[in-house]
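Structure first, then comments.
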Amino acid sequence: MEKSFEPRPIESKWYARWEAGDVFRSSGHGEPYCILLPPPNVTGTLHMGHAFQQTVMDMLIRYQRMRGMNTLWQVGTDHAGIATQKIVENQLAAEQRTRHDLGREPFVDRVWQWKEESGSTITNQMRRLGVAADWSRERFTMDEGLSDAVRKVFVEWYRAGLIYRGNRLVNWDPVLGTAVSDLEVNNVERDGHMWSIRYPVTDGDESIVVATTRPETMLGDVAVAVHPEDERYQHLIGKTLTLPLSGRQIPVIADDYVDKDFGTGCVKITPAHDFNDYAIGQRHKLAPIEIFTLDAKVNANAPAKYQGMDRYDARKAVLADLEAAGLLVETKPHKLQVPVSQRSDAVIEPMLTDQWFVDLTSDKGRQAITEPALDAVRSGEIKFVPENWTTTYTQWLENIQDWCISRQLWWGHRIPAWYDEAGNIFVGEDEADARKHATIAPVGALKQDDDVLDTWFSSALWPFSTLGWPANGPVKNERGEVVAHWEIDKIFLPSAVLVTGFDIIFFWVARMVMATKYFTGKVPFREVYINAIVRDAEGQKMSKSKGNTLDPLDLIDGIELEPLVTKSTKSLLIPQVREKVEKRIRKDYPQGIPAIGTDALRFTFAALASYSRTINFDIKRAEGYKAFCNKLWNAARFVLMNVEEAGTGERGTGNVPATEAERWILTRLKQTLTEVEQHFVTYRFDLLAQALYEFVWNEYCDWFLELSKPALNGDDAAAAASTRHTLLVVLETVLRALHPIIPFITEEIWQSVAPRLGIEADGILQRPWPKASEIPADEAATAEIEWFKNVLSGIRRIRAEMNIPPGKAIPLLLADGDATDRARSGKFAAQICFLARVDAPQWIASGTDEPAAAAAVVGSMRVLIPLAGLIDLGAEKARLGKEIGKIESEIKKCENKLGNANFVANAPAEVVAQERQRIADWGTQLTALREQLQKLG
RNA sequence: GGGCGCUUAGCUCAGCGGUAGAGCGUCGCCCUUACAAGGCGAGGGUCGUAGGUUCGAUCCCUACAGCGCCCACCA
């Protein structure tokens, strides 16, 4: 083995072998255990969130596979409608062209082409992470099979009356030219203004002042509303106002929606461009007046002067004209919530358009789709981890609106609806099917709907569409390989756990539950593990414009400063931002990013994965875990070196390990494994990683390996042979336990270790998960080793504090103590001498004179290092004094507790007993320490 | 406005009813034959504030303060 751990060659070697050996495919036996990969954007690249999430899934899959489950990690990618279309449109923009210049079909071809080019990027990056995914079953949301599922779902829901088409006010993105759902809109606080505008009453001298943040929309006002009980305006209700600038006559209406105490208490009503106003308009049967075109310019319904103006230019013009007319009463700064399109950053303009919706709110929709999705979680059939996300899920569903599923895009699943020349709608899986199911005869030719479905529509079907639904037989990919077979694969539904971010609970999780429940009658998954969001070391959200993003691949492979700067600033167009980012990177990574390897990255993710909802990723921490990998590597190197010539040893007589140390490490291993199993159940990967880290470093390496050295080199051949064997056994076992977290290094080491134990398996993943129950425990050995550790630590402390060079051999005396101490000191003499670098321990008979010495106390035994020329008497006295002080204060605390009658009466007996034991133990030590202090004079 | 988090060592975080922990950082001493990506040792916290429950509270309850996230129609 190399002297230190070099991840790169190991990673590439093993992933290639695993994939070639087809080791990730479902075994076909055992209990089904399925995880659905949240399909990433097909043309995307891997970011830290993916890497974290996929590490979690991979740990679960590898663990369950080793436990003998029939695992399936269903992978694939999403066509990501808007996101992908936008990338290609940007590419066209660089050629000074738009998608309309190309036309629909050539454009879609071009997107497919881009998908072919970049579609493997992210899946290859996933391979670098080491994911044990069944690549033979990789799917894409626009696969033939998945598209069949989309059409079938649409048609069935339509025929059940659960999908409808309607002219509704929707969130319109004027830049992308499409409707988006409520979820795709973010409300952002912006600095704006509140303008007060005077609307004159048509008959008479009175007027009403309305307040608005969007004065330009007054061109589409159809009324002014006041509160029905507002005394100030009672007499005006029902009167008519002359709408300034356009001169239209509009009524004053009364509606509860109005807050008397806000602003002037008068609200202008623009039903065509505001959701609240739309509702009020409907209540009062006022026809909306649209004033914008789909690209947010003023249309022909407005006075000629404003027509063709962009909405913000129109605002300026309107304000100027109001000002000139003396109707602008007040302008004041105002913070407001602006709806912004998530995808384009454009300010959303509510628009009246024809769109398709899934009915989630009528009695029928609720009963068929919404309620079952709620019940699945309320009943506990689906559990969220951490549990409090349940509230988020249920509250959203309880307040849900109908889902707008049509998008005015070209990339996606085209809506399977056709229109005849009279505008009648015909829905079917294809045109023929639509005609077959027609209830009236089509007028003239049929033309398919131009729109496509929301990306999340197909994602909602992922839990069953990837398993072959709705095909009756095997589903093949373009190379003719079978990728799914519903009749067989439905055993994987429900999947075991969905690992995903909270940001898509609404977008995806809830909708999968809706669709899967409806079409299969089953829940899509039993548990939903909501993973934390990855942030930078300071807790800031990672964003390209801040320059604090990390590319997981850069952490794995490392990257020099200059390439990192180039890469991070490449896509930044604003010079100031670019400069800022460059500065930050030069400051944060003056040496670039060191290569830490996949295993260390994965271990870091595991170690950070508590139930906290954010994790702050600190490279420092990752470097620490690389050190852990190196530690493991070197421990293995030590073990292998020692078994190389001397043989692999054998168990002690009667299959009982010969030494206390062995029995102790096995006991600790058993405890660790028990703990790890529990942490897998509760998804506490942080505790899991920590338990294994501590076992490997603090117990196996720090103590067992050290203890093995005197045993291996000692005179007792049986002890040496048994120790060699135990070194190997514990190593092999812990490698298996670590494999789900750090697959590469464990495989590499395991391949060298396993043969020495006569284990025949192709790889570590094919070995069973180590069962705690199969490992013997020995509590007595644990007590012995604890004693030994105390003695050694005592000596080391004296050495360190008295500045005795570690290499210098010194005498060791033991005093007082009991028979157990004497027996143990004999048993561990060789180990003590070797590890503490002391001469053979000598017992001092009680009553005899002792040389002045520095002391440590273990129970009632004093461990003495004679002072002669080594130790400063004053310093040692001070040290003892301090120690005594500490113990005295501990004793005081115990005494206070035990002196409290209420404590003794009310606390559980075992707690009281424990407290008594403590006071006794402290007392023993205190006596010994005081005696020692006294001996020093 | 509703909901959900967080506040523990210099930093990042575990712990969540009975002796305050880890990693990183800091400070000593060591290139000791697995590992200097290492070893040994040390220092460092009145567990956000104030009440309450309890024999006992970092942990449970209430209020408050600060930070953060999600949802929501206040023009």
Side-chain angles (χ1 to χ4, degrees), chain A residues 1 3-5 182-183 187 194 210-214 217 225 257-259 261-270 274-280 334 336-337 386 388-389 391-392 395-396 399 502-503 505-506 533 537-539 541 594 596 600 604 607-608 610-621 623-642 684 686-687 690 693-694 698 701-702 705-706 709 792-793 796-801 803-807 835 837 890 893-894 897 900-908 910-912 914-915 918 922:
Chain A
M1 284 175 84
K3 194 175 175 194
S4 56
F5 169 56
D182 299 342
L183 289 175
N187 286 307
M194 177 78 84
V210 298
T212 181
T213 54
R214 296 199 59 197
T217 61
Y257 162 76
V258 179
D259 179 352
D261 302 321
F262 188 88
T264 58
C266 304
V267 186
K268 60 190 271 315
I269 304 300
T270 321
D274 183 285
F275 286 93
N276 293 314
D277 293 4
Y278 183 73
I280 294 176
H334 181 74
L336 67 159
Q337 299 284 321
N388 56 281
W389 291 107
T391 320
T392 308
Q395 287 185 353
W396 182 70
N399 297 302
F502 75 85
D503 50 333
I505 289 179
F506 306 143
I533 298 297
E538 278 96 46
K541 209 168 173 173
I596 63 159
T604 311
L608 291 172
S610 68
Y611 280 172
S612 155
R613 56 173 68 179
T614 56
I615 62 175
N616 298 346
F617 191 92
D618 189 349
I619 290 190
K620 281 276 162 45
R621 189 121 182 209
E623 286 172 24
Y625 292 120
K626 186 181 179 194
F628 173 74
C629 291
N630 191 51
K631 189 80 181 173
L632 180 65
W633 181 265
N634 276 290
R637 209 159 66 91
F638 170 83
V639 173
L640 291 170
M641 273 164 62
N642 278 287
R684 285 301 303 266
D686 58 328
L687 301 177
Q690 197 186 345
Y693 180 100
E694 278 174 6
N698 304 130
C701 291
D702 285 352
L705 253 52
E706 294 306 321
K709 288 173 185 172
L792 211 65
S793 300
R796 283 172 174 169
R797 207 172 311 126
I798 293 169
R799 262 190 194 278
E801 285 178 21
N803 277 325
I804 304 168
L835 293 177
R837 282 163 207 274
E890 288 299 331
K893 273 197 246 169
C894 290
K897 262 194 181 176
N900 181 344
N902 284 327
F903 171 73
V904 181
N906 295 322
E910 59 194 59
V911 173
V912 178
Q914 183 193 319
E915 211 62 26
R918 286 188 58 209
W922 287 126

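Computed from heavy atoms alone, side chains included, the values below leave out hydrogens, waters and symmetry copies. Naming: A, B, ... by sequence-line order, numbering from 1 per chain.
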B:rC35 -> Watson-Crick or G-U wobble partner, both distances under 3.5 Å, gives none
Review point. How would you label the contact of A:I505 with the nucleic acid (heavy atoms, under 4.0 Å): base, sugar-phosphate, or nothing?
Key: nothing
Atom CZ of A:F617 and atom P of B:rC11 are separated, to the nearest Å, by 20 Å
Counting primed atoms, P, OP1 and OP2 as sugar-phosphate and everything else as base, the B/S/- map of nucleotides 17-23 of chain B against protein heavy atoms under 4.0 Å is -BB----
Re B:rG56: Watson-Crick or G-U wobble partner, both distances kept under 3.5 Å, found to be none
Here the distance between atom C1' of B:rG38 and atom CZ of A:F638, to the nearest Å, is 15 Å
Readout for nucleotides 69-75 of chain B: B = base within 4.0 Å of protein heavy atom, S = sugar-phosphate only, - = neither; 5' to 3' it is SSS-BBB
The side chain to side chain donor-acceptor pair (under 3.5 Å) partners of A:N900 (sequence neighbours excluded) come to none
Separation of B:rG5 atom C1' from A:I615 atom CD1, nearest Å, is 16 Å
If pairing means Watson-Crick or G-U wobble with both distances under 3.5 Å, then the partner of B:rC4 is B:rG68
Notebook entry, point to check: How is A:E910 classified with respect to the nucleic acid when contacts are heavy atoms under 4.0 Å: base, sugar-phosphate, or nothing?
Noted result: nothing
Side chain to side chain donor-acceptor pair (under 3.5 Å) pairs touching residues 624-637 of chain A, sequence neighbours excluded, are A:R621-A:Y625, A:N630-A:N634, A:N634-A:R637
Re B:rC16: Watson-Crick or G-U wobble partner, both distances kept under 3.5 Å, found to be none
Under a 3.5 Å limit on both distances, the Watson-Crick or wobble mate of B:rA63 is B:rU49
Have a look at A:E623 and say if it touches a base, only the backbone sugar-phosphate, or nothing, with a 4.0 Å heavy-atom cut-off. nothing
A:F628 atom CZ is separated from B:rA34 atom P, nearest whole Å, by 19 Å
Just to be sure I understand the rule, does A:C701 reach a base, reach only the sugar-phosphate, or reach nothing, if contact means heavy atoms closer than 4.0 Å? base
>> Counting the atoms with a prime plus P, OP1 and OP2 as sugar-phosphate, which does A:T614 contact under 4.0 Å by heavy atoms, base, sugar-phosphate, or nothing?
In response: nothing
Residues at least two apart in sequence or cross-chain that pass side chain to side chain donor-acceptor pair (under 3.5 Å) with A:E623, listed by chain then number, are none
The side chain to side chain donor-acceptor pair (under 3.5 Å) partners of A:E694 (sequence neighbours excluded) come to A:Q690
Mate of B:rC24 across any strand shown (Watson-Crick or G-U wobble, both atom pairs under 3.5 Å) is B:rG10
So A:F502 and A:T392, side-chain contact (heavy atoms from CB on, under 4.5 Å) or not? Walk me through it. CA-CA 9 Å; A:F502 75 85; A:T392 308; over 6 Å; no
To the nearest angstrom, the CD1-C1' distance between A:I804 and B:rC29 comes to 12 Å
